[in-house]
**Student:** 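Would you mind keeping the following structure in view while I ask a few things?
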Protein chains: 2
Amino acid sequence: MATIKEVARKAGVSVGTVSNVLRGASTVNNKIRERVNKVIRLLDYHPSHAARSLKTSRTHLLGMVISDITNPFFPQLARGAEDAAIEHGYLVIASNTDDQLEREKRVLAVLRSRRVDGILLVVAPNGGDMEHIRRVIASKIPVVCLDRVPEGLSVSAVTTDAITGSEMCMRHLISMGHCRIAIINGNSELQTARDRLQGYRNVLTEAGIAIDPELIMTGDFRANSGYLLAKQLLLSGLNPTALYVTNGMMALGALRAVKELGLRCPSDLALAVFDEVPGNGSFSPEVTSVIQPAYQIGYQGVELLLRQVESGEPSTPIQIRLPAELRIGESTLLRRAEPVVSNLSMNRM
Amino acid sequence: MATIKEVARKAGVSVGTVSNVLRGASTVNNKIRERVNKVIRLLDYHPSHAARSLKTSRTHLLGMVISDITNPFFPQLARGAEDAAIEHGYLVIASNTDDQLEREKRVLAVLRSRRVDGILLVVAPNGGDMEHIRRVIASKIPVVCLDRVPEGLSVSAVTTDAITGSEMCMRHLISMGHCRIAIINGNSELQTARDRLQGYRNVLTEAGIAIDPELIMTGDFRANSGYLLAKQLLLSGLNPTALYVTNGMMALGALRAVKELGLRCPSDLALAVFDEVPGNGSFSPEVTSVIQPAYQIGYQGVELLLRQVESGEPSTPIQIRLPAELRIGESTLLRRAEPVVSNLSMNRM
DNA sequence: TTGAAAGCGCTAACAA
DNA sequence: TTGTTAGCGCTTTCAA
């Protein structure tokens with residue numbers, strides 16, 4: 001593989017001049033510039049980024065630590081991040097942690113060795129163990145958290161406004177006459193799960209509906225737990241009239257349970273979901289869902305990160321909350337008896 | 001950020017010794033090793049990969065060029081690639097081309113500058129323009145193509161055996177009594193599309209059914225084209241009894257069309273799909289589909305690539321074809337009249 | 001078993 | 001406007 005030296009020799013100039021041509025410096029004579037460029041093409045020369053990094057201590061590399069690209073939320077996010085990175089001349093290295101703290105630690109150490117210029121981080125549940133993240137920040141590598149904000153850590157972040165999103169969805173259900181609404185939520189160690197539950201509670205409270213702990217189920221955000229909990233719930237005799245599932249994978253499981261039990265939405269049960277449901281729109285019923293701005297989270301995450309990278313100094317953490325969108329489908333479009341309470345006006349939706 | 005020199009000074013040894021400790025060389029005295037390790041932890045030292053690369057001319061970086069991570073086929077593939085890479089101490093840089101040749105060229109140039117040790121490539125349709133790929137190979141960077149094999153290029157590849165997969169699916173449809181089977185396929189500039197169509201033709205021919213060109217529709221592998229073509233087909237008066245859609249996104253579109261027209265599967269129309277259908281299994285009907293080993297394609301692609309990387313020499317191209325799996329769902333489970341021909345025995349399935 | 005030093009391919013400061 | 005050169009942080013010989 002050709003080096004800058006060879007290019008210089010073959011073009012009959014110094015390496016400094018070649019370097020100037022590469023960097024598009026205007027100080028280079030046009031004839032020389034052309035001669036150099038011709039040699040570059042001839043030798044199929046591609047400057048070594050490693051050497052450049054060593055000198056400039058900039059890698060133009062971003063690390064992206066997510067839980068699992070296979071989870072349908074992340075491809076959009078990853079795409080948004082990539083697109084923004086490319087626009088600024090950066091590349092991104094993605095790693096999956098499967099939400100395991102140990103893997104997060106390992107990955108972060110590797111990214112540090114790689115001297116990435118910044119890190120996008122979807123934190124794994126950590127029970128307060130965040131020393132490894134603190135050390136990354138202490139080492140002057142900017143970090144932007146995506147989707148989840150670790151508690152007790154002062155760090156920039158881009159998230160969905162899950163509380164408001166959850167509230168919109170719950171108000172819709174209540175406006176359709178439901179007052180026995182069950183929720184299947186994820187692990188409450190996760191901020192996101194807590195927020196979604198918070199929205200659920202808020203709206204019930206504001207509607208004057210007592211919160212029934214038996215209607216609150218906790219799964220793990222994966223399809224099978226949605227399936228099991230939905231089945232348990234629907235066979236329990238608790239008779240919810242609506243089911244609110246707080247992510248797409250669990251919703252898939254819940255739908256399977258509904259189908260197996262021979263129930264139909266919305267006639268037997270209303271179903272609403274926080275998050276996109278894979279394949280939604282092509283099947284029956286179309287499921288009412290709260291859509292997260294996944295692409296935007298990735299995109300804006302990179303923009304925020306690069307602002308920190310390129311300013312070169314530890315700016316004060318900025319937290320961006322992006323709104324979610326309620327998309328109403330057939331799965332909730334059947335009105336029950338009027339709400340038992342009336343202090344919930346339509347204009348609050 | 002600490003350097004090896006600082007570690008050496010603080011530990012009272014030479015940089016060579018620190019280097020030996022880092023590389024786990026056994027020649028280092030235990031006491032010294034411990035002292036060095038303590039300093040490393042103390043300074044939170046992480047060796048610079050750029051410097052190491054410059055010296056060793058190995059980056060332990062792999063490039064992965066795909067069309068779009070947002071297409072549900074790719075997350076699994078990416079995950080397989082990542083997992084295999086991690087196991088061998090490599091990281092992967094992913095880039096999306098959206099199947100655009102120009103972007104593929106740009107990305108490849110960037111990856112060359114990054115001196116990635118190898119490249120996983122899902123080629124964009126190129127109409128024979130493959131000079132950029134040839135030059136990558138000429139520059140001694142091993143390339144493994146995934147999913148698609150560019151015609152006229154001698155390169156290693158890992159693909160799905162789409163012809164056989166397509167045949168399995170078609171034999172199933174025919175065994176269920178269908179003889180007017182329409183196909184909605186993707187752009188035939190893509191190898192994968194041609195293979196899927198090939199399987200369709202093969203089985204019709206072997207069953208002695210005449211191929212009706214009107215039943216062969218060409219879309220672009222995206223949901224909307226599936227929707228439009230399915231609608232056109234179903235309103236055309238051609239009256240197919242079965243519809244074979246050759247990817248998951250178009251299948252989603254086709255399902256929407258079926259739903260809008262008020263038709264039901266399998267009573268009004270049988271539906272089979274090559275590829276995974278997002279959300280399948282949770283809705284009705286469960287769609288019969290040919291599942292591609294996406295994770296394995298990524299995983300084995302990396303293994304194959306690294307074998308070339310680590311052997312250090314241009315081995316002869318190896319092509320791996322992985323089998324697809326036919327998963328039969330309710331969408332085809334209604335028997336029509338017996339097949340008009342009988343030279344199709346069950347054991348050929 | 002450890003240390004010294006050359007050099008990987010660039011950039012950037014400085015000299016010419 | 002172009003050339004020369006030190007040095008980025010490592011690895012790896014070779015000597016001690």
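Quick caveat, the model's predicted, so the values are computed rather than measured.
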**Student:** B:R9 has an atom CZ; how far is it from atom C1' of D:dG9, in whole Å?
**Tutor:**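 In whole Å, D:dG9 C1' and B:R9 CZ are 15 Å from each other.
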**Student:** Test for a donor-acceptor pair under 3.5 Å between the base of C:dG7 and the side chain of B:K55, counting only N and O atoms.
**Tutor:**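 Looking at the base of C:dG7, it does pair with a donor or acceptor on the side chain of B:K55 (distance under 3.5 Å).
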**Student:** In terms of the nearest nucleotide of DNA chain C, which residue is placed more toward the 5' end: B:T56 or A:L22?
**Tutor:**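 Of the two residues, B:T56 wins.
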**Student:** Start at the 5' end of DNA chain D and walk down; is the nucleotide closest to B:A50 or to B:R23 reached first?
**Tutor:**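 Looking at the nearest nucleotide for each, B:A50 comes out on the 5' side.
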**Student:** Just the rounded figure in Å: distance from P of D:dT12 to CZ of B:R58.
**Tutor:**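 Rounded to whole Å, this separation is 12 Å.
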**Student:** Nearest of C:dG9, D:dG3, D:dT1 to any side-chain atom of B:L54?
**Tutor:**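 The answer is C:dG9, which lies nearest to the side chain.
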**Student:** Under 4.0 Å between any heavy atoms, over every strand shown, what does B:T17 touch: base, sugar-phosphate, or nothing? Just pick one.
**Tutor:**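 The answer is sugar-phosphate, as B:T17 gets under 4.0 Å only of primed atoms, P, OP1 or OP2.
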**Student:** Rounded to whole angstrom units, what separation is found between the CG atom of B:L43 and the P atom of D:dG9?
**Tutor:**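 Between P of D:dG9 and CG of B:L43: 14 Å.
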**Student:** Assuming nearest nucleotide by heavy-atom distance, tell me which of B:T27 and A:H49 is located more 5' along DNA chain C.
**Tutor:**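 First, find each residue's nearest nucleotide; the 5'-ward one identifies B:T27.
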**Student:** Give one of base, sugar-phosphate or nothing for B:V28, where a contact means two heavy atoms less than 4.0 Å apart.
**Tutor:**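 If one applies the 4.0 Å heavy-atom cut-off, B:V28 turns out to touch the sugar-phosphate alone, with no base involved.
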**Student:** Decide yes or no on side-chain hydrogen bond (donor to acceptor under 3.5 Å, both in side chains) for B:H88 and B:E303, but give the supporting numbers first.
**Tutor:** CA-CA 9 Å; B:H88 294 268; B:E303 300 253 286; 2.9 Å; yes
**Student:** Of all the choices, D:dT4, C:dG9, D:dG9, which nucleotide is nearest to the side chain of A:T3 once you look at every atom?
**Tutor:**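 The answer is C:dG9, which lies nearest to the side chain.
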**Student:** May I have the distance from A:N20 (atom CG) to C:dA13 (atom P), rounded to whole angstrom?
**Tutor:**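 Roughly 11 Å, once rounded to whole Å.
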**Student:** To the nearest Å, how far apart are B:R115 CZ and D:dC10 C1'?
**Tutor:**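 Going from CZ in B:R115 over to C1' in D:dC10 covers 18 Å.
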**Student:** Please determine whether a side-chain nitrogen or oxygen atom of B:S19 lies at a distance below 4.0 Å from atom OP1 or OP2 of D:dT11.
**Tutor:**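 Answer is yes, contact under 4.0 Å.
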**Student:** Would you call B:R134-B:D129 a salt bridge at under 4.0 Å N-O?
**Tutor:**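 Salt bridge between B:R134 and B:D129, a charged N being under 4.0 Å from a carboxylate O: no.
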**Student:** Between D:dG9 atom P and A:R114 atom CZ, what is the distance in whole Å?
**Tutor:**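 Checked: the CZ to P distance equals 18 Å.
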**Student:** How close or far is atom P of C:dG9 from atom CZ of B:R52, stated in whole angstroms?
**Tutor:**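 Going from CZ in B:R52 over to P in C:dG9 covers 18 Å.
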**Student:** In whole Å, what is the span from the CE atom of A:M1 to the P atom of C:dC10?
**Tutor:**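 After rounding, the reported distance stands at 10 Å.
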**Student:** Is a salt bridge present between B:D99 and B:R148, judged by a nitrogen-to-oxygen distance below 4.0 Å?
**Tutor:**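 Salt bridge flag = yes for B:R148 with B:D99.
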**Student:** Using side-chain hydrogen bond (donor to acceptor under 3.5 Å, both in side chains), reason through A:T160 and A:R321 one step at a time and then give a plain yes or no.
**Tutor:** CA-CA 5 Å; A:T160 307; A:R321 286 187 165 274; over 6 Å; no
**Student:** Does B:S14 place a side-chain N or O at less than 4.0 Å from the phosphate oxygens OP1/OP2 of C:dG3?
**Tutor:**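 Yes, such a contact exists.
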**Student:** Identify whether the distance between the nearest side-chain nitrogen and carboxylate oxygen of B:D68 and B:R222 falls below 4.0 Å.
**Tutor:**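 Not counted as a salt bridge, because no side-chain N and carboxylate O are separated by less than 4.0 Å.
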